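The block underneath contains the structure these notes are about, expressed in structure tokens.
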There are 2 protein chains.
Amino acid sequence: MALVDALLTRLEAIAALSDKDRALLASLKIEPKQLKAGEALQPQGSRPSHSALLIQGTMARLQEMTDGARQIVSFHLPGEIPDLHSLHIERMDHTLSAVRPALVGTIAHDELRRVIAQSGHLGAVLWRETLIDAAVFRQWITNNGKRGSLAGMAHLLCELFLRAQAIGQAKNESWEMPFTQAELGEAIGITSIHANRILKQLKTEGAAAIEKSVLHIIAWDKLQAIAGFDATYLHLKRVPLAA
Amino acid sequence: MALVDALLTRLEAIAALSDKDRALLASLKIEPKQLKAGEALQPQGSRPSHSALLIQGTMARLQEMTDGARQIVSFHLPGEIPDLHSLHIERMDHTLSAVRPALVGTIAHDELRRVIAQSGHLGAVLWRETLIDAAVFRQWITNNGKRGSLAGMAHLLCELFLRAQAIGQAKNESWEMPFTQAELGEAIGITSIHANRILKQLKTEGAAAIEKSVLHIIAWDKLQAIAGFDATYLHLKRVPLAA
DNA sequence: CGCCAAGTTGAGAGCATTCAACCAGAGTGG
DNA sequence: CCACTCTGGTTGAATGCTCTCAACTTGGCG
């Protein structure tokens with residue numbers, strides 16, 4: 001399986017690609033690189049010359065504050081390019097790290113510029129990818145803000161489950177969740193202890209439960225209702241569960 | 001003064017433009033439209049065929065939840081195109097409204113596509129604009145999450161002041177603030193009452209104060225320290241105060 | 001003058017944090 | 001094989017931040 005396949009799966013989940021676009025993507029020079037759990041690929045303040053295609057594993061972007069506190073601003077699944085934005089903004093304002101061990105493929109910015117110059121449509125698709133990234137950020141602002149902890153956690157689980165399903169990771173209402181409760185908490189701005197209690201509540205209410213690090217959707221409609229979740233912001237061409 | 005001037009000022013604050021790019025921008029067909037305070041230009045769920053250049057006044061994007069609660073996810077000053085993203089993602093996942101009365105210039109997506117097709121660099125600059133938008137979202141996630149209320153408010157004021165200064169609205173450490181305390185609160189996920197108390201605290205600590213809706217920076221370094229503010233994420237070519 | 005939006009202040013309730021203890025399972029080294 | 005350690009998860013109790021409710025002030029405007 002070629003390194004680029006994860007990217008094709010992801011991009012075809014959000015847009016239509018022509019044969020020419022697929023061939024251009026296949027022509028990208030991609031260098032594999034293995035990351036250890038917790039290893040930072042792009043630290044805050046750096047000026048990347050490459051972007052990373054996540055092939056296997058999970059990554060997160062996080063902001064580190066002066067007092068040592070951390071805020072996770074995004075999670076990433078295979079097929080995504082978490083630092084695509086570095087193509088047009090020079091300096092990293094956050095750290096991009098592997099959460100669990102991860103395999104990435106680094107792509108030189110010049111390579112990306114080459115294929116974009118040859119296909120305006122491909123440029124638009126990649127632009128679109130960064131815009132969906134931004135749409136997710138908007139939801140996360142609300143997760144951390146007005147949406148309470150319970151709704152915020154439910155919303156995060158809805159989102160992750162659908163994204164996992166779009167790349168074929170989640171089946172039969174369950175998904176091998178690659179994040180700890182502490183990490184889920186850091187994403188919605190609560191402590192690991194509180195995250196634990198909130199998850200317990202979601203289980204008691206019969207919405208969703210995490211057991212031995214696999215997420216079980218007990219009742220999608222209930223989870224969705226608690227979250228106030230509307231999947232359109234993910235801009236997936238097919239939304240499997242949200243019918 | 002041409003309608004497009006605000007856009008030129010903004011884009012030249014974040015990137016270099018060639019004469020050709022300026023001419024292309026000047027060729028955009030822009031329809032002026034006046035908005036009343038609180039009027040929604042693009043409601044959540046709509047499918048815009050135009051984007052709006054904000055010429056005068058202020059706008060905000062907000063998410064409305066099922067229980068009627070609102071979260072403001074961004075503020076916009078003249079020169080910005082708050083719904084540029086609708087060029088590549090069809091459906092609005094939030095509402096774009098005027099905060100105070102505002103003058104916008106609507107630009108058909110086809111017009112934007114025309115100039116982008118003629119200048120790859122201009123396309124890159126507009127892409128960059130949406131990426132900076134996303135960088136601001138990331139900070140707002142943290143404002144609403146791990147950063148406490150005091151630091152969050154301080155961070156928001158730092159950001160708004162620098163953005164206002166970049167377009168010449170703020171002078172002499174003071175800025176005619178177009179937002180109410182309630183709106184500032186809705187942006188960092190706190191109530192207007194708490195926002196009031198936090199602002200009082202920022203004044204007592206000698207960092208910043210809002211008097212008769214003008215923001216006074218009492219001590220930039222103190223405000224910056226409280227916020228843990230680092231201006232690089234705004235990607236302004238010149239950062240006036242942050243020396 | 002009266003109304004209304006915005007701001008200010010106080011008090012009590014509730015949610016989330018911190019501190020602290022403890023459990024379970026995986027991996028390590030003797 | 002078994003202690004030992006470490007990470008992740010679970011639970012309780014006290015503290016404290018933020019919300020809600022409520023009252024009151026101020027300034028602008030018809």
Side-chain angles (χ1 to χ4, degrees), chain A residues 36-39 58 60 65 67-72 98-101 143-154 156-157 176-205 208-216 226, chain B residues 36-39 58 60 65 67-72 98-101 143-154 157 176-204 208-216 226:
Chain A
K36 287 193 268 290
E39 186 177 348
T58 40
M65 276 158 280
D67 64 353
R70 305 190 326 168
Q71 171 80 44
I72 293 180
V99 178
R100 319 277 119 226
N143 281 351
N144 279 274
K146 253 294 153 228
R147 207 134 51 204
S149 296
L150 187 71
M153 180 65 82
L156 179 59
L157 295 181
E176 175 94 37
M177 151 89 51
F179 308 110
T180 65
Q181 295 186 359
E183 284 154 359
L184 294 174
E186 282 183 296
I188 62 171
I190 63 176
T191 59
S192 65
I193 295 156
H194 197 51
N196 179 271
R197 294 194 236 259
I198 292 293
L199 287 169
K200 191 175 163 188
Q201 195 179 341
L202 282 176
K203 186 193 288 186
T204 330
E205 297 196 11
I210 299 177
E211 270 155 19
K212 295 182 196 296
S213 74
V214 2
L215 169 67
H216 297 279
I226 292 170
Chain B
K36 287 193 269 291
E39 186 177 349
T58 41
M65 277 158 279
D67 63 353
R70 306 191 324 168
Q71 171 80 45
I72 294 180
V99 179
R100 319 280 118 225
N143 281 350
N144 279 274
K146 252 295 154 230
R147 202 133 55 203
S149 296
L150 186 71
M153 180 65 83
L157 295 182
E176 176 93 36
M177 150 89 52
F179 308 110
T180 65
Q181 294 186 358
E183 285 153 359
L184 294 174
E186 281 183 296
I188 61 170
I190 62 177
T191 59
S192 64
I193 294 156
H194 196 52
N196 179 272
R197 292 194 237 259
I198 292 293
L199 287 168
K200 190 174 162 189
Q201 195 179 341
L202 282 176
K203 187 193 286 188
T204 328
I210 299 176
E211 270 155 19
K212 297 181 195 297
S213 73
V214 3
L215 169 67
H216 297 280
I226 292 171

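Residue numbers begin at 1 in each chain, while the letters A, B, ... track the order of the sequences. Worth saying up front: this structure is predicted, and the values here are computed from it rather than measured.
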Self-check item: Closest-nucleotide 5' rank along DNA chain D - winner of Ile210(A) and Leu150(B)
Solution: Ile210(A)
Whole Å only: how far is the [atom1] atom of [X] from the [atom2] atom of [N]?
X: Gln201(B); N: dT8(C); atom1: CD; atom2: P; result: 14 Å
X: Glu183(A); N: dT7(D); atom1: CD; atom2: C1'; result: 11 Å
X: Arg100(A); N: dA26(C); atom1: CZ; atom2: P; result: 15 Å
X: Ile190(B); N: dG14(C); atom1: CD1; atom2: P; result: 21 Å
X: Ile188(B); N: dC19(D); atom1: CD1; atom2: C1'; result: 14 Å
X: Arg197(A); N: dT10(D); atom1: CZ; atom2: P; result: 11 Å
X: His194(B); N: dG16(D); atom1: NE2; atom2: C1'; result: 11 Å
X: Leu184(A); N: dA16(C); atom1: CG; atom2: C1'; result: 17 Å

Practice problem: For Lys212(A) and for Ile198(A), find the nucleotide of DNA chain C with the closest heavy atom, then tell me which residue's nucleotide is more 5'. | Solution: Ile198(A)
Quiz item: Out of Ile210(B), Val99(B), Leu215(B), which residue meets the side chain to side chain contact (heavy atoms under 4.5 Å, CB included) rule with Phe179(B)?
Solution: Val99(B)
Quiz item: Can you tell which of dT17(C), dC19(D), dT11(D) lies closest to the side chain of Thr191(A)?
Solution: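 Nearest nucleotide to the side chain: dT17(C).
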Quiz item: Among dC21(D), dA16(C), dC19(D), which is the nearest nucleotide to the side chain of Ile193(B)?
Solution: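 From the listed options, dC21(D) comes nearest.
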[X] side chain near [N] phosphate (N/O to OP1/OP2, under 4.0 Å):
X: Gln181(A); N: dT10(D); value: yes
X: Ser149(B); N: dT18(D); value: yes
X: Lys200(A); N: dT11(D); value: yes
X: Asn196(A); N: dT10(D); value: yes

Quiz prompt | For the student: nearest non-hydrogen atoms of Glu183(A) and Thr180(A), plus distance | solution =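 Closest approach of Glu183(A) to Thr180(A), heavy atoms only: OE1-N, 2.9 Å.
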Quiz item: Where is the tightest heavy-atom contact between Ala60(B) and Ile72(B), given as atom of each residue plus distance?
Solution: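 Closest approach of Ala60(B) to Ile72(B), heavy atoms only: CB-CG2, 4.2 Å.
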Self-check item: Lys146(B) backbone acceptor or donor facing Gln71(A) side chain under 3.5 Å
Solution: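 Flag set: sc Gln71(A) to bb Lys146(B) pair under 3.5 Å.
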Quiz item: Hey, is the main chain of Met153(B) close enough, under 3.5 Å, to the side chain of Asn143(B) for a donor-acceptor pair?
Solution: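 Checked: no pair found.
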Practice problem: Just call it for Gly185(B): base, sugar-phosphate, or nothing, with non-hydrogen atoms closer than 4.0 Å on any strand. | Solution: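 The residue Gly185(B) makes no contact with any strand.
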Practice problem: Report which part of the nucleic acid Ser192(B) touches: base, sugar-phosphate, or nothing (heavy-atom distance under 4.0 Å, all strands). | Solution: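 Since no nucleic acid heavy atom lies under 4.0 Å of Ser192(B), the category is nothing.
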